[in-house]
Amino acid sequence: MNAPVVELKHTWKTYQAAGRGTVGVMDVELTVEGGKLVLLLGPSGSGKTTLLTLMAGLVAPSSGTVAIGGRRLDRLSPVELQRLRARDIGVVFQAFNLIDALTALENVALVLQFAGNGRREARAAAGTVLAGIGIGNLGAQLTSQLSQGEKQRVAIARAIANRPVLLLADEPTASLDSGHGLEIIEILRRYARDSQAAVVVSTHDPRLADFADQILHISDGKMKKRD
Ligand SMILES: Nc1ncnc2c1ncn2[C@@H]1O[C@H](COP(=O)(O)OP(=O)(O)OP(=O)(O)O)[C@@H](O)[C@H]1O
Ligand SMILES: [Mg+2]
């Protein structure tokens, strides 16, 4: 059996704000294998974004561990962690975080350059990625001039450009109507299958359940597993 792509053990994240501790997530046990799409379902404030940022290596757990491809993130040097994040982890943020002064193509090419590709190579590969998810025609547009659904696709193209083994998407269908939302989850599922990547998607939307290999329910920072 393959090693899990991502593994959390007894993972907690607490925040200190105004002298008070708030629990982001508590004692999470989670394993996701390659080729699977896992849905993280929970209400606002339940800890979905916290969990995704832990898996992305963007924040360190308060206790417990996070491992990607069998490597514990707390045992990596800052440079190793940065490299792992650039090459092996793709993130689609809740607010897209696209660079609006750049075109769709340039947004995608940038992360390919961060991962070590030359400029020309990166631009060519970015065009291929955009075409692969059906927006090859939008490459030359500034992302500030795109619709929500188009921005969402560019954000996904950027997240998958380096073919990460772990793809994380934070409420990727929240700002879309249901038809466009289903198209997005279909793209994410196809990526999991085709690249044998682990894909973790947070959502409020129970209609996405049909697309998941596994559904994890989270509330008040605590996770309940249900298949
Ligand atoms: N930077 C922070 N500082 C302090 N508390 C935080 C911080 N980030 C999140 N929290 C708290 O942690 C808990 C979980 O928040 P989180 O953002 O993970 O929830 P969520 O499920 O993503 O919510 P939403 O669906 O609204 O995006 C909440 O109680 C929140 O107030
Ligand atoms: Mg959130």
Side-chain angles (χ1 to χ4, degrees), residues 5-32 36-68 73-74 78 81 85 89-98 148-149 151-156 158-160 164 166-178 180-182 184-185 187-189 191-192 198-226:
V5 171
V6 59
E7 191 163 26
L8 279 71
K9 286 189 180 162
H10 294 297
T11 309
W12 291 69
K13 175 68 191 171
T14 51
Y15 297 102
Q16 292 298 329
R20 285 191 18 211
T22 307
V23 174
V25 294
M26 61 175 94
D27 207 18
V28 173
E29 296 284 311
L30 170 63
T31 300
V32 187
K36 305 281 189 211
L37 188 148
V38 171
L39 207 60
L40 194 58
L41 258 177
S44 185
S46 58
K48 301 182 298 297
T49 298
T50 300
L51 196 54
L52 293 173
T53 54
L54 286 165
M55 288 191 249
L58 289 166
V59 297
S62 310
S63 66
T65 59
V66 178
I68 310 286
L73 300 187
D74 58 308
L81 179 61
R85 283 187 28 216
I89 306 174
V91 186
V92 183
F93 294 97
Q94 212 163 353
F96 308 139
N97 295 5
L98 294 168
Q148 291 296 104
K151 282 184 190 175
Q152 187 60 270
R153 280 169 186 249
V154 176
I156 291 171
R158 181 179 60 177
I160 65 176
L166 176 61
L167 177 63
L168 307 167
D170 201 358
E171 301 196 31
T173 65
S175 55
L176 308 176
D177 62 48
S178 68
H180 285 103
L182 295 182
I184 293 294
I185 194 81
I187 290 171
L188 297 173
R189 180 162 76 163
Y191 182 74
V199 179
V200 183
V201 178
S202 82
T203 188
H204 294 266
D205 186 353
R207 284 172 308 176
L208 303 186
D210 290 348
F211 294 83
D213 296 299
Q214 189 180 30
I215 300 171
L216 303 169
H217 293 262
I218 187 165
S219 68
D220 294 332
K222 242 190 143 16
M223 222 170 63
K224 276 188 297 185
K225 186 169 149 183
R226 255 187 252 160

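Computed from a prediction, not measured in an experiment: that's the story for all the values here. Keep in mind that the numbers below use all heavy atoms, side chains included, and drop hydrogens, waters and symmetry copies. All ligand and atom numbering here is 1-based and tracks the order in the structure.
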**Prompt:** What residues, two or more places apart in sequence or in another chain, satisfy salt bridge (charged side-chain N to carboxylate O under 4.0 Å, His left out) together with D74?
**Reply:** R72

**Under the salt bridge (charged side-chain N to carboxylate O under 4.0 Å, His left out) test, residues paired with K13 that sit two or more places apart** = none

**Request:** Would you please name every residue forming a side chain to side chain donor-acceptor pair (under 3.5 Å) with T50, sequence neighbours left out?
**Result:** Y15

**Item:** Whether T49 has an N, O or S atom under 2.8 Å from the Mg ion (ligand 2)
**Value:** yes

**Asked** Which pair of non-hydrogen atoms, one from T14 and one from S62, has the smallest distance, and what is that distance?
**Response** N-OG, 2.8 Å

**Atom of V91, atom of A56 and distance for their closest heavy-atom approach** = CG2-CB, 3.9 Å

**Request:** Evaluate salt bridge (Lys or Arg N to Asp or Glu O under 4.0 Å) for R207 paired with D205, printing each intermediate quantity in order.
**Result:** CA-CA 5 Å; R207 284 172 308 176; D205 186 353; 2.9 Å; yes

**Message:** As a test of reading the model: which residues have a non-hydrogen atom less than 4.0 Å away from ligand 1?
**Reply:** Y15, T22, V23, G24, P43, S44, G45, S46, G47, K48, T49, T50, Q94, E171, H204

